[in-house]
Amino acid sequence: MRKDLLSIDDLTAEEARELLSLAGRLKSGAAEHSLPGKTLALVFEKPSLRTRVTFEVGMTQLGGHAIYLSMQDIGLGQRESVSDVAQNLSRWVDGIAARTFAHQSAVELGEHSSIPVINALSDHEHPCQALADVLTLQERSKGLSGLSLAYVGDGNNVCHSLLLLAALLGMDMRVATPTSYEPNAGVLERAKALAEQSGGSVLLTDDPALAVAQADAVYTDVWASMGDEHEAEARAEVFRPYQVNSALFGLAKPTAVAMHCLPAHRGDEITGEVLDGPHSVVLDQAENRLHAQKAVLVSLLGG
Ligand code: CP
Ligand code: NVA
């Protein structure tokens, strides 16, 4: 594997499969304390529940330790340059998990540090989330190949990482967004190229019903991501037809699961009926953040 995990595109299909398989073994109790004495710095510019807790708990369970550093603590790029933060941390700790506004800040942390840097969410990608999500799907199905995942809503960081991972692993990925909120063109092109190699497929549409029809999983995320909150009101108008409610979800397979990375806004991108209903796997996704990230930590910081 490469030094850093900044994007799903840093992984080959084989590496992604190995990470998912290791995550499954770790979930069953294997390899506890495999990072004794190691320290992970969490460099976070934005709030977090799941990502912070699962990285901290993960390091503890692996026999190591995590230090949380908020903007108030270190002022990444303000009190001190990204490169100076990266070089200093490299002298003390064994890895960095970075949650940044600009993806470029995470890239720079990687470039200027001698230790692994893991993207814990940037404005461009959320690779740890996608790994946990696909682990959740893998646990429930015989294989990932040909499994259809419909993502409905904003073509954002979560959508980007899901697109790349689904395409890498031969899944049938459908994305429905309003015009002007499509995923990044470069990510889409890359996902299409990956799908061609893996036997998967990628569909982009502005029709949520088309994306969801007979899907195995229906995924959504907030309409306004952290940093876009000032657009929330305008976006609510545009995104209303993209709400995952019982009518839309009912178009998927009867066995379909409802997915969300959380935090969710009930009544906006998803109704409480679907989010809290019998088909929801959102808490399995949240739990699997722990196991997927432990696999990433063992792979990048171990040895
Ligand atoms: N899904 C996710 O990354 O949650 P947090 O923002 O709470 O970490
Ligand atoms: N797209 C959301 C995901 C939060 C986990 C955001 O970036 O705020």
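Whatever order the structure lists ligands and atoms in, that order sets their numbers, starting from 1.
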Answer yes when [X] and [Y] have at least one side-chain N-carboxylate O distance shorter than 4.0 Å, and no when they do not.
{"X": "R266", "Y": "D268", "answer": "no"}
{"X": "E56", "Y": "R52", "answer": "yes"}
{"X": "E15", "Y": "R2", "answer": "no"}

Would you mind listing which atoms of ligand 2 come within a distance below 4.0 Å of any non-hydrogen atom of D221?
-> 1 (N), 2 (C), 3 (C)
Which atoms from ligand 2 have a heavy atom of L262 less than 4.0 Å away?
-> 5 (C)
Distance (rounded to the nearest 0.5 Å) between E125 CD and N119 CG = 7.0 Å
Any residue meeting ring pair (Phe, Tyr, Trp, His ring centres under 6.0 Å) with H103, in chain and number order, not counting sequence neighbours | H124
Taking [atom] as the reference point, the nearest protein heavy atom with its distance:
{"atom": "atom 7 (O) of ligand 2", "result": "N157 ND2, 2.8 Å"}
{"atom": "atom 4 (C) of ligand 2", "result": "L121 CD1, 3.8 Å"}
{"atom": "atom 8 (O) of ligand 2", "result": "M226 N, 2.8 Å"}

How about F55 and Y68: are their ring centres within less than 6.0 Å of each other?
-> no
For the ring pair F249 and H279, is the centre-to-centre distance below 6.0 Å?
-> yes
Going by atom types alone, do S70 and D73 pair a side-chain donor with an acceptor below 3.5 Å?
-> yes
Looking only at distance, does S225 have an N or O less than 3.5 Å from an N or O of ligand 2?
-> yes
For ligand 1, would you mind listing the residues that have at least one heavy atom less than 4.0 Å away, ordered by chain and number?
-> S48, L49, R50, T51, R99, H126, Q129, C261, L262, R289
Take T51 and R99 through the test side chain to side chain donor-acceptor pair (under 3.5 Å) and record every step on the way to the result.
-> CA-CA 9 Å; T51 310; R99 170 164 284 204; 2.8 Å; yes
